[in-house]
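To start, the structure under review is shown below, and the notes come after it.
Because the structure is a prediction, the values reported are computed rather than measured. Just so we're on the same page: letters track the sequence lines, and every chain starts at 1.
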Amino acid sequence: MSEEKSLNFIEEIVEEDIRAGKHNGRVHTRFPPEPNGYLHIGHAKSICLNFGLAKRYNGKTNLRFDDTNPVTEDTEYVESIKDDVCWLGFEWANELYASDYFDIIYGFAMSLIKQGLAYVDDSTAEEIAAQKGTPTEPGTANQYRSRSIEENVQLFEEMKAGKYPDGAKVLRAKVDMASPNMHMRDPIMYRIKHAHHHRTGDKWCIYPMYDFAHGQSDAIEEITHSICTLEFIPHRALYEWFIEKLEIFPSRQYEMARLNLTYTVMSKRKLLQLVNEGHVDGWDDPRMPTISGLRRRGYTSASIREFCDRIGVAKRENLIDVGLLEFCIREDLNKTAWRRMAVLDPVKLVITNYPEGQDDILHGENNPEVEGGEGGRDIPFSRELYIEREDFMEVPPKKFFRLGPGLMVRLKHAYIIKCEDFVKDADGNITEIHCSYIPESKSGQDTSGIHVKGTIHWVSVPHAKTAEVRLYDRLFKSEDPSAEEGDFKDDLNPNSLQVINAFVEPDLATALPGKGYQFLRKGYFTLDKYSTAEKLVFNRTVTLKDAWAKEVKKG
RNA sequence: UUUCCUGUGGUGCAACGGUAGCACGUCUGAUUUUGGUUCAGAAGAUCGUGGUUCGAAUCCAUGCAGGAAAACCA
């Protein structure tokens, strides 16, 4: 109650509006994706903001597809977007489409024409661009600007009727060709596209532009707070101009900074390119910053919501350290993931004083963070184990609390062992480590009195299951790939995916899809969508924090 | 060199004329049968210059820096 978190600037505006009794205190937001790609973590920020606002202020949020460009849009995207919003844990009040409003918007256009505020222009795209001027030079009017209302009405009707080919004519708002705001220099409202629309089919061959569809849709739905990103600031004047001239519901547009994350790109155009050119395994490749990619990677929706909460909302450009996202998923998974053992880079260890052919069943809790451990599982133990190659050093440095000649460690959930000997092959690689174990040091009933500094994980050789494990690293080499010169794809990290074969404890054969597992000391993992009963496939969600790696790096 | 937006520790976000705070990261140390977790502590910031004021991160002026704006994309 007392921890009164400060409001972001949008919440301040909303609270002010409520206080002033604007729209009778009603709050209605919308999330307006264009169905031409998959949602990414940047969209999650917008989703959390829009739906969060509604939740906080007792309002509603519409899911509205901004589907005004039939050539780039597809129902596959519509479905994925709905899945992702649901998965993130939000419920929309209405599922709507800008295309549902095409008739109304056409009427709006006609109304503007009849007010003498819109005209049909026969210029080519190049001519229009040239007449627009530049940010420092005013634009110039052409002869079509002075067409009569009657002529404009007839021409626009003919455009709708399909009398003209693509690009032959456009409908333009008659605003101000000399405005310092380029978007006010008679923006295009409608263009001709003889294209099949994913919802309206072939009913239309003219489609409204963003500027003549988005604000109008907001007004139709009586959206009170229409939140978008900074690049739409110059559009706001136009947004309000249309509302004023059309005398429709006065929705208001507010702009916030989009999310940028280190070591990735966030533009749908670039992400689409990575997909189309096969640099990744589809939109849901675990290295992608897409919601579906993060989900497949093992991120939980709670961790993404937490992340969006932590990054805040403001108007300055930002570049968020991906480390914060990793912090959020570790924080969540630490509390929920079940612990298991897996050896990713194995070397064989033989316990010389353990009877050959003998098995032992040990027990390990599922989750030490929860009282009672959330139950546990049996772990078979035997004379021959796999341990991590990096857990043995022939010449260990000081502060190395693992295995080396004469050194002792505890095998997690098992016994303390002492390294007696090791075997090397002709190339000098360690092929086998020989240890003795201390029978009275068994976990939970240790009477040995021996204390060791290190504990390592292991898997019993005869009981081990094999699994393919996919280790991911950042997709790009530099913090801000878009800022690099040349093609952003030149910055792709060639080592962003490493596929290995690992040995995992037998219980993992029954791992559940969608569940996070902590492979002790190695990180958090989850089943990949390609995993089968015959062939287990795990994705590494994120590594554990590794103080030793940091120590080593320091040298 | 037109118009607009933005400048607070390394990063992100607060402080709304009254002691610059939180989180991630970094660095110590403690605990630990995960070099994880947890706990304790430390370092580190108001773009510059003027002005208004008893008092400025906050208001004003100016300079500087970064970003955005000219698709029949959204």
Side-chain angles (χ1 to χ4, degrees), chain A residues 5-8 12 32-34 36 66-69 71-73 121 123-125 128-139 166-172 179-183 185 188-193 206-207 209-211 213-214 228-237 255 257 259 262 268-269 310-321 323-328 330-331 334-335 339 341 368-369 399-402 409-414 416 441 443-444 446 451-457 479 518-524 543-552:
Chain A
K5 205 185 159 205
S6 60
L7 304 177
N8 65 49
E12 277 180 1
E34 184 190 8
N36 68 345
D66 233 330
D67 55 350
T68 58
N69 186 359
V71 307
T72 58
E73 294 155 8
D121 192 327
S123 307
T124 63
I128 288 176
Q131 291 158 6
K132 271 233 155 136
T134 69
T136 52
E137 300 160 284
D166 288 9
K169 287 178 167 47
V170 291
L171 181 72
R172 289 230 254 171
S179 170
N181 181 343
M182 298 291 292
H183 293 275
R185 322 245 262 227
I188 293 171
M189 294 163 58
Y190 266 92
R191 75 286 215 193
I192 300 170
K193 272 182 197 285
I206 56 172
Y207 293 91
M209 297 285 290
Y210 167 85
D211 284 306
H214 197 99
C228 60
T229 47
L230 258 25
E231 63 266 32
F232 290 98
I233 288 176
H235 294 249
R236 189 174 62 231
E255 310 88 9
L259 165 66
T262 54
K268 273 200 270 185
R269 200 196 96 244
R310 283 174 179 259
I311 58 175
V313 177
K315 294 188 79 163
R316 43 187 118 104
E317 308 272 351
N318 58 73
L319 180 57
I320 308 248
D321 189 343
L324 182 61
L325 218 209
E326 295 177 345
F327 168 83
C328 291
R330 285 191 187 110
E331 183 187 44
N334 176 54
K335 290 183 297 195
R339 271 58 172 178
M341 293 199 283
E369 297 298 309
K399 295 209 278 189
F400 183 77
F401 309 135
R402 306 178 191 178
V409 292
R410 172 173 293 280
L411 294 171
K412 180 73 180 178
H413 295 129
I416 293 174
S441 67
S443 272
D446 185 347
H451 284 279
V452 292
K453 204 87 157 90
T455 300
I456 65 172
H457 61 279
E479 274 207 333
Q518 184 192 106
F519 290 0
L520 250 40
R521 306 206 301 139
K522 300 279 31 167
Y524 295 99
T543 60
L544 253 28
K545 267 185 18 189
D546 190 345
W548 173 245
K550 198 176 284 180
E551 189 70 30
V552 170

Quiz item: With respect to the phosphate group of B/C73, does any side-chain polar atom (N or O) of A/R191 fall under 4.0 Å of OP1 or OP2?
Solution: yes

Quiz item: Would you call A/R521 and A/T455 a side-chain contact if the rule is heavy atoms closer than 4.5 Å?
Solution: no

Exercise. Give the nucleotide from the list B/U34, B/A14, B/A74 with an atom nearest to the side chain of A/S6.
Key: B/A14

Quiz item: Using a cut-off of 4.0 Å on non-hydrogen atoms, how would the nucleic acid contact of A/R402 be classed: base, sugar-phosphate, or nothing?
Solution: base

Quiz item: Quick one: is B/C4 close enough that its OP1 or OP2 comes under 4.0 Å of any side-chain N or O from A/R236?
Solution: no

Exercise. State which of B/A74, B/A69, B/G36 makes the closest approach to the side chain of A/P135.
Key: B/A69

Quiz item: When the P atoms of B/A45 and B/G10 are considered, how many whole Å apart are they?
Solution: 7 Å

Practice problem: Measure from the side chain of A/K550, starting at C-beta and using heavy atoms only, and say which of B/C27, B/U34, B/A69 lies closest. | Solution: B/C27

Quiz item: Can you tell which of B/A14, B/G35, B/A69 lies closest to the side chain of A/T455?
Solution: B/G35

Quiz item: Counting side-chain heavy atoms from C-beta on, which of B/U34, B/A74, B/A69 comes nearest to A/P234?
Solution: B/A69

Practice problem: Pick base, sugar-phosphate or nothing for A/T229, based on heavy-atom distances below 4.0 Å to the nucleic acid. | Solution: nothing

Practice problem: Can you see which heavy atom on A/T72 is nearest to which on A/N36, and at what distance? | Solution: O-CB, 3.3 Å

Quiz item: Does A/T68 make a side-chain N or O approach to OP1 or OP2 of B/A74 shorter than 4.0 Å?
Solution: yes

Quiz item: Contact class for A/A314 (heavy atom, under 4.0 Å): base, sugar-phosphate, or nothing?
Solution: sugar-phosphate

Quiz item: How long is the line joining CD1 of A/I128 and P of B/A71, in whole Å?
Solution: 11 Å

Exercise. Give one of base, sugar-phosphate or nothing for A/G454, where a contact means two heavy atoms less than 4.0 Å apart.
Key: nothing

Quiz prompt | Distance below 4.0 Å between A/R521 side-chain N/O and B/G35 OP1 or OP2 | solution = yes

Quiz item: Just how far, in rounded Å, is P of B/U38 from CD of A/E369?
Solution: 7 Å

Quiz item: Mind checking whether A/H183 and A/H235 have parallel, tilted or perpendicular rings, split at 30° and 60°?
Solution: tilted

Exercise. Could you check whether A/L319 gets within reach of a base, just the sugar-phosphate, or nothing at all, counting any heavy atom under 4.0 Å?
Key: sugar-phosphate

Quiz item: Are any of the side-chain heavy atoms of A/P234 and A/M182 separated by less than 4.5 Å?
Solution: no

Quiz item: When we call it a touch if two heavy atoms are under 4.0 Å apart, what does A/N334 touch: a base, just sugar-phosphate, or nothing?
Solution: base

Self-check item: Nearest-angstrom distance, P atom, B/A57 to B/A20
Solution: 8 Å

Quiz item: Just to confirm, is there a sub-4.0 Å distance from OP1 or OP2 of B/A23 to any side-chain nitrogen or oxygen of A/R310?
Solution: no

Quiz item: Which heavy atom in A/K399 sits nearest to a heavy atom in A/W548, and how many Å separate them?
Solution: O-CZ3, 3.4 Å

Practice problem: Write down the distance separating the C1' atoms in B/G25 and B/G67, rounded off to the nearest Å. | Solution: 25 Å

Exercise. Assign A/E317 to base, sugar-phosphate, or nothing according to its heavy-atom contacts below 4.0 angstrom with the strands shown.
Key: sugar-phosphate

Exercise. State, to 0.1 Å, how close A/L230 and A/E317 come at their nearest heavy-atom pair, and which atoms those are.
Key: CD2-OE2, 4.1 Å

Practice problem: For B/G18 versus B/C13, give the span between their P atoms, rounded off to a whole number of Å. | Solution: 22 Å

Quiz item: When you check the side-chain N and O atoms of A/S123 and A/D121, is any donor under 3.5 Å from an acceptor?
Solution: yes

Exercise. Mind checking A/T124 for me? I need base, sugar-phosphate or nothing, with any heavy atom below 4.0 Å counting as a touch.
Key: base

Self-check item: Distance between P atoms of B/C22 and B/C16 (Å, rounded)
Solution: 16 Å

Quiz item: Quick one: does A/R410 reach the base of B/U33 with a side-chain donor-acceptor pair under 3.5 Å?
Solution: yes

Exercise. Counting heavy atoms from C-beta on, name the nucleotide in B/A15, B/G35, B/U33 closest to the side chain of A/S443.
Key: B/U33

Practice problem: Can you figure out which of B/G12, B/C5, B/G35 approaches the side chain of A/I233 most closely? | Solution: B/C5

Quiz item: What is the nucleic acid contact for A/H457, judged by heavy atoms within less than 4.0 Å: base, sugar-phosphate only, or nothing?
Solution: nothing

Practice problem: May I have the distance from A/Y190 (atom OH) to B/A71 (atom P), rounded to whole angstrom? | Solution: 21 Å

Self-check item: Nucleotide of B/U33, B/U6, B/C73 approaching A/D446 most closely (side-chain heavy atoms)
Solution: B/U33

Self-check item: Touch class at under 4.0 angstrom, heavy-atom based, for A/L230 against every strand present
Solution: nothing

Practice problem: For A/D321 and for A/H183, locate the closest nucleotide of RNA chain B by heavy-atom distance; then report the residue assigned to the nucleotide nearer the 5' terminus. | Solution: A/D321

Exercise. For A/R330, report the nucleic acid contact type (base, sugar-phosphate, nothing); a contact means any heavy atom under 4.0 Å.
Key: nothing

Practice problem: With P as the reference atom in both, quote the distance from B/G66 to B/U37 in angstrom, rounded to an integer. | Solution: 39 Å

Self-check item: Comparing A/W548 and A/P33 on RNA chain B - which has the more 5′ nearest nucleotide
Solution: A/W548

Self-check item: Integer angstrom distance from the C1' of B/U8 to that of B/A56
Solution: 14 Å

Quiz item: Counting any heavy atom closer than 4.0 Å, what does A/P368 reach on the DNA or RNA strands: base, sugar-phosphate only, or nothing?
Solution: base

Practice problem: Check whether any side-chain nitrogen or oxygen of A/K193 sits under 4.0 Å from OP1 or OP2 of B/C73, and answer yes or no. | Solution: yes

Exercise. Give one of base, sugar-phosphate or nothing for A/K453, where a contact means two heavy atoms less than 4.0 Å apart.
Key: nothing

Quiz item: Looking for any heavy atom pair under 4.0 Å, which part of the strands does A/F327 touch: base, sugar-phosphate only, or nothing?
Solution: sugar-phosphate

Quiz item: Is the distance from OP1 or OP2 of B/U37 to the nearest side-chain N or O of A/K545 less than 4.0 Å?
Solution: yes

Quiz item: Mind checking the P distance from B/U26 to B/U2? Whole angstroms is fine.
Solution: 45 Å

